[in-house]
Amino acid sequence: MVPAKVDGAKQYYATSTLVVGYALSSSLLAVINKYAITKFDYPGLLTALQYFTSALGVWVLGRLGFLHHDPFTVDVAKKFLPAALVFYLAIFTNTNLLRNANVDTFIVFRSSTPLLVSIADTAFRKQPPPSRWTFVSLVVILAGAVGYVATDSAFSLTAYSWAFAYLVTITTEMVYIKHMVTNLGLNTWGFVLYNNLLALMMAPLFWVVSGEYADVFHALIMRRSNESQGMNHIVPFDASALFGVSLSCVFGLLISFFGFAARKAISATAFTVTGVVNKFLTVVINVMIWDKHASPIGLLCLLVTIAGGVMYQQSVSGDHAAAAASQPTAGEKNDEENGLLGTTSGV
């Protein structure tokens, strides 16, 4: 009896650690990324450093035996390339959105993805139209998003252009890419490795196309010039930028680890509830630490959008449960795909 109690206690503390780790990393990541891009105004280089950290972290942990990932092969890489391209665009637009808008705007558009996903599923994947409860949840999401945009005093065309670009790319990833990834038979950490390593290989091309490489070289020249003149207080790439970038890279890897581990350790419902709580924590933390947040009315609309997202998740879960009753294999596969994508896309 005693060993069973000890094992139960160990399992409880291990599961609690994973859930708390996921909650902290998930709720803090958007705020940390906002801080990083504020101090280090080079989105292409920032995302490349994040890809490098995640790919290296998975490879090192795999070599140490802490996890197992699929080996990297050229044939699989060629098939995976479209998925990695969409992943890169999703993260790139996400970073530029945070660069030009506050965290609340990011959460509103991230929570609005069910709108486009539902439309795309019906139009392109020949899925049945949304149920009545799902339709109501989509209306709530739309009302919250429209209310937020209408009351956003910091509205700018640049910020919302990146927001819509992010919404389109993340929806594309959710609707199409997840099925291609599943068909390749990659395990969870293989997915993370291929995603980040291929995205890292694409980074130099985007640096050239966007012209960011010139900005980085100019900043390096300025740093050397200012240091030679004794003006160390106005050099780019200072300690605060290094701290923000490092924290962003570490938390990007942590959310992958804790997210995947927590999903295996707890039920799908508990994981969904944790994800919703994480969004609320992000809003609270963002309001408490600085003034880069929405107005009170905007925050209210944001909460309405999150509430609509909760309603949508519950309605879709009910639909999946009904489908699983008649087609167990298809239902289980769909939940697995949603789980795989949901964690990696929630950046």
Side-chain angles (χ1 to χ4, degrees), residues 29 32-63 69-100 158 161-162 165-166 168-170 172-173 176-177 180-181 184 186 189-225 235-238 241-253 255-256 344-345 347:
L29 184 59
I32 290 173
N33 282 341
K34 175 63 178 178
Y35 175 81
I37 197 63
T38 300
K39 297 295 183 179
F40 187 78
D41 195 23
Y42 306 98
L45 182 56
L46 175 61
T47 53
L49 292 171
Q50 292 171 339
Y51 301 142
F52 174 77
T53 303
S54 295
L56 180 64
V58 170
W59 182 80
V60 170
L61 291 175
R63 297 286 291 182
H69 62 79
D70 297 290
F72 187 88
T73 64
V74 176
D75 289 339
V76 175
K78 289 179 180 178
K79 297 176 182 177
F80 194 90
L81 192 58
L85 176 60
V86 176
F87 171 74
Y88 184 98
L89 292 174
I91 301 299
F92 185 74
T93 53
N94 168 30
T95 305
N96 277 280
L97 170 58
L98 288 172
R99 181 189 189 190
N100 292 279
T158 300
S161 296
W162 283 114
Y166 169 71
V168 170
T169 52
I170 200 69
T172 302
E173 187 181 32
Y176 170 70
I177 300 302
M180 189 181 71
V181 171
L184 289 177
L186 294 173
W189 290 109
F191 174 78
V192 176
L193 179 65
Y194 274 86
N195 240 355
N196 287 280
L197 189 55
L198 289 175
L200 178 62
M201 295 177 183
M202 297 178 196
L205 175 62
F206 282 84
W207 292 345
V208 174
V209 173
S210 65
E212 185 176 312
Y213 76 97
D215 296 332
V216 173
F217 286 137
H218 178 68
L220 290 172
I221 293 173
M222 281 185 58
R223 178 184 176 90
R224 179 171 299 181
S225 175
V235 297
F237 309 135
D238 57 9
L242 178 62
F243 174 74
V245 171
S246 301
L247 208 58
S248 176
C249 292
V250 170
F251 268 74
L253 179 61
I255 194 173
S256 293
T344 56
S345 299
V347 180

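We number each residue from 1, following the sequence as shown.
The side-chain contact (heavy atoms from CB on, under 4.5 Å) check on T53 picks up C249, with sequence neighbours excluded. Shown here are the ring-ring contact (aromatic ring centres under 6.0 Å, His included) partners of Y194, two or more places apart in sequence or in another chain: F72, F80.
Remark: S246 OG to F251 CZ distance equals 12.0 Å, nearest 0.5 Å. For the atom pair OG1 (T47) and CG (N94), the distance works out to 10.0 Å, reported to the nearest 0.5 Å. The OG atom of S248 lies 7.5 Å from the CD1 atom of I32; values are rounded to the nearest 0.5 Å.
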Could you go through residues 83-91 and list every donor-acceptor pair under 3.5 Å that involves a side-chain atom there, pairing it with any protein atom two or more places apart or in another chain?
none

Atom pairs and distances, side-chain donor-acceptor, residues 196-211, under 3.5 Å, sequence neighbours left out:
unit_1 : atom_1 : unit_2 : atom_2 : d
N196   : ND2    : V192   : O      : 2.8
W207   : NE1    : G44    : O      : 3.3
S210   : OG     : F206   : O      : 2.7
S210   : OG     : W207   : O      : 3.4
S210   : OG     : E212   : N      : 3.4

Please walk me through it: do I37 and L46 pass side chain to side chain contact (heavy atoms under 4.5 Å, CB included)?
CA-CA 8 Å; I37 197 63; L46 175 61; 3.9 Å; yes

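Applying the salt bridge (Lys or Arg N to Asp or Glu O under 4.0 Å) test to residues at least two apart or on different chains, the pairs with a partner in residues 40-55 are D41-R99. Sorted pairs that involve residues 242-252 and meet salt bridge (Lys or Arg N to Asp or Glu O under 4.0 Å), not counting sequence neighbours, are lacking altogether.
A donor-acceptor pair shorter than 3.5 Å cannot be found between the side chains of N100 and T158.
Scanning both residues, L29 and G252, for their nearest heavy atoms gives CD1-N, 4.0 Å. Of all heavy-atom pairs spanning A165 and T93, the tightest one is CB-CG2, 3.9 Å.
K34 places a side-chain N or O within 3.5 Å of a backbone atom of L98 that can act as its donor or acceptor partner. Remark: the backbone N or O of Y166 is paired with a side-chain donor or acceptor of T169 at under 3.5 angstrom.
A 4.5 Å side-chain heavy-atom check between D70 and V76 finds every atom pair outside the cut-off. In this structure, the side chains of V216 and L45 come closer than 4.5 Å at one or more pairs of heavy atoms.
Among Y42, F40, Y35, the one residue that satisfies the side-chain contact (heavy atoms from CB on, under 4.5 Å) test with V245 is F40.
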